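These notes are about the structure you will find just below.
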Amino acid sequence: MDQTKTPYFQVLLDYVDSGTTPFHTPGHKQGLGMHRLLREFVGDNVLAIDLTQILGLDDLLEPRDAIAQAEALAAEAYGADHTFFLINGSTSGNQAMMMAALNPGEKIAIPRNAHKSCVGALVMSGAIPVYMKPEVDEQLHMDHTVTPETVEQTLEGNPDVKAIFIVSPTYYGATADLQAIERIVHERNKVLLVDEAWGPHLHFHPALPLSATEIGADLVVNSTHKMLAAMSQASMLHQIGKRVDTDRLRAVLRMFLSTSPNLVLVASLDVARMQMATEGPALLSRTIELSNTTRARLNEIKDVYCFGDEMIGRPGVAGFDPTKITITVKRLGYTGYEANEILRYRYNVQCELADLFNVLALFTIGTDAAAAEKLVHGVRELAREDRPVDIFSPSGVLERRLKTGTYNFPPIPPMAMTPREAFLAQTEKVRFRQSAGRICAEVITPYPPGIPIIAPGERVTKEIIEYLALEVKAGVHMQGPADPELKTIRVVA
Ligand SMILES: Cc1ncc(COP(=O)(O)O)c(C=O)c1O
């Protein structure tokens, strides 16, 4: 196929060129009706292609023409049998994968550090989770991926598991040993679903870890908008082989889709694929080089540590994506949240994520040397700032844990109901501190990085209460609970 072509973007351009008078949605009529406040800022061009699925523009719900061609080009570029464009992010991709692969009551093995969209996917699909423990890195205080051994043990202990869900890469760039996992899963004729939201670029550079499509996962989700140059919400779902019924997958995708998809997003996927297929290796070589040199410069700053390839080989780290720079600031005496705020408000640099000990800077094909320079300057200045000693004053416990290095994630609480049963059950609000033993009816996810600490159907434990109370004190934003300050929690009545 001709990967230089962008068939979908082209039909939008052709429509604009045709000068057709629009008696169709959207109501702003290619910008004419839009208030100038927004129109003048975003510009007429983007509004001109903000169209709807009229004659000649194909239908994202039933692609036959230009969208089908654009998806086929993407499938070829990624080595997939089918590619589906998503306009509600990899969130909808995770939901679609589970709903296509599983019926209510069927089991799925899933890492505990899966993105919170998976909780919604479990509620919607009615699948029963068998949680796999990701490797916990005590030194870096973060989760990595699950190992092939964990997958094997899980399947041996739960032979009725139908599908295995793997997250690779993690937010921080660690990749799983997907080749070994693929062998284990497919030898047993199970389905392999991979959340590769953070790895849409992996496929296009030999120095990056192998992509999930390359190793032959059954379904793979990519957030094209996260690490490549598509617009926000634009993702792709790739299918390889026939273990998942393609017609059912299409039916599920139709359920998730608006009947008025944003076609600018669809076009941005078409162009992002063309860009990778034609210039990907060259663009990514530059990105990898810039992130590696920046990592080395940051590592020269006293008490700053940014891990790199030395991570490979640790449990749960089969490979590493160098375009992610995790800046560990704990030896500077900051929490990652504080460092993130200082970098933003004093040095005008915004990182992707902060957690207790780190801030994460993403390098993509859109990052240039000037931006890297600003990051290095910000972190250098941050390291020179005078810090009061009492840095973790909101929580002395945290400080003690940091010093003794015994900071631990709480154990996965026991599951008393499926996520779907708990989500649909009668619920009541109780005081969080007094909720031990109750069945949680909501998901509680410190954000970022978006890993649920407790999910619907699980019993609240003392450890969970203690852990979450600490995170709230440290100023971590809680996503999911009705009361984000966690004074109360919603439990099954
Ligand atoms: C691992 C992982 N999967 C899925 C998602 C959801 O992706 P999206 O934002 O494209 O909906 C995220 C978002 O951060 C994520 O980190």
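Being a predicted model, the structure only gives us computed values, none of them experimental. Atoms within a ligand are numbered from 1 in the order they appear, just like the ligands themselves. Worth knowing before you read on, the calculation uses all heavy atoms, side chains too, and leaves out hydrogens, waters and symmetry mates.
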ask   = N/O of Tyr171 under 3.5 Å from N/O of ligand 1, yes or no?
value = no
ask   = Heavy-atom contacts under 4.0 Å between Val221 and ligand 1: side chain, backbone, both, or neither?
value = neither
inquiry  = Please work out, at 4.0 Å between heavy atoms, whether the side chain, the backbone, both, or neither of Gln233 comes within that distance of ligand 1.
reply    = neither
task = Enter the distance from Leu269:CG to Met236:CE here, rounded to the nearest 0.5 Å.
result = 4.5 Å
query = Is the gap between the ring centers of Phe320 and Phe307 under 6.0 Å?
reply = yes
query = Quick one: which ligand 1 atoms are inside 4.0 Å of a heavy atom on His225?
reply = 8 (P), 9 (O), 10 (O)
Atoms of ligand 1, numbered as shown, that sit under 4.0 Å from any heavy atom of Asn94 = 3 (N), 4 (C)
query = With distance as the sole test, does Gln153 use its side chain to make a donor-acceptor pair with the main-chain N or O of Thr150 at under 3.5 Å?
reply = no
message = Heavy atom to atom 12 (C) of ligand 1, shortest distance: which of Glu196, His115, Glu352 holds it?
response = His115
request  = Would you mind telling me if ligand 1 is within reach of the side chain of Asp195, the backbone, both or neither, using heavy atoms under 4.0 Å?
outcome  = side chain
key: Asn358 and its side-chain hydrogen bond (donor to acceptor under 3.5 Å, both in side chains) partner, picked from Asn340, Thr326, Thr328   = Thr328
task = With heavy atoms of Ser223 as the reference, note each atom of ligand 1 found under 4.0 Å away.
result = 7 (O), 8 (P), 10 (O)
remark   = Ala197 heavy atoms within 4.0 Å reach ligand 1 at atoms 2 (C), 3 (N), 4 (C)
ask   = Going through the distances and angles, do Glu152 and Lys190 end up as a salt bridge (Lys or Arg N to Asp or Glu O under 4.0 Å)?
value = CA-CA 12 Å; Glu152 194 154 34; Lys190 312 278 183 196; over 6 Å; no
task = If the plane angle is over 60° it's perpendicular, under 30° parallel, otherwise tilted; pick one for Tyr78 and His203.
result = tilted
query = Can you tell if the side chain of Asp270 reaches within under 4.5 Å of the side chain of Pro7, non-hydrogen atoms only?
reply = yes
request  = Run the numbers for me: atoms of ligand 1, each under 4.0 Å from some heavy atom of Ser235, listed by number.
outcome  = 10 (O)
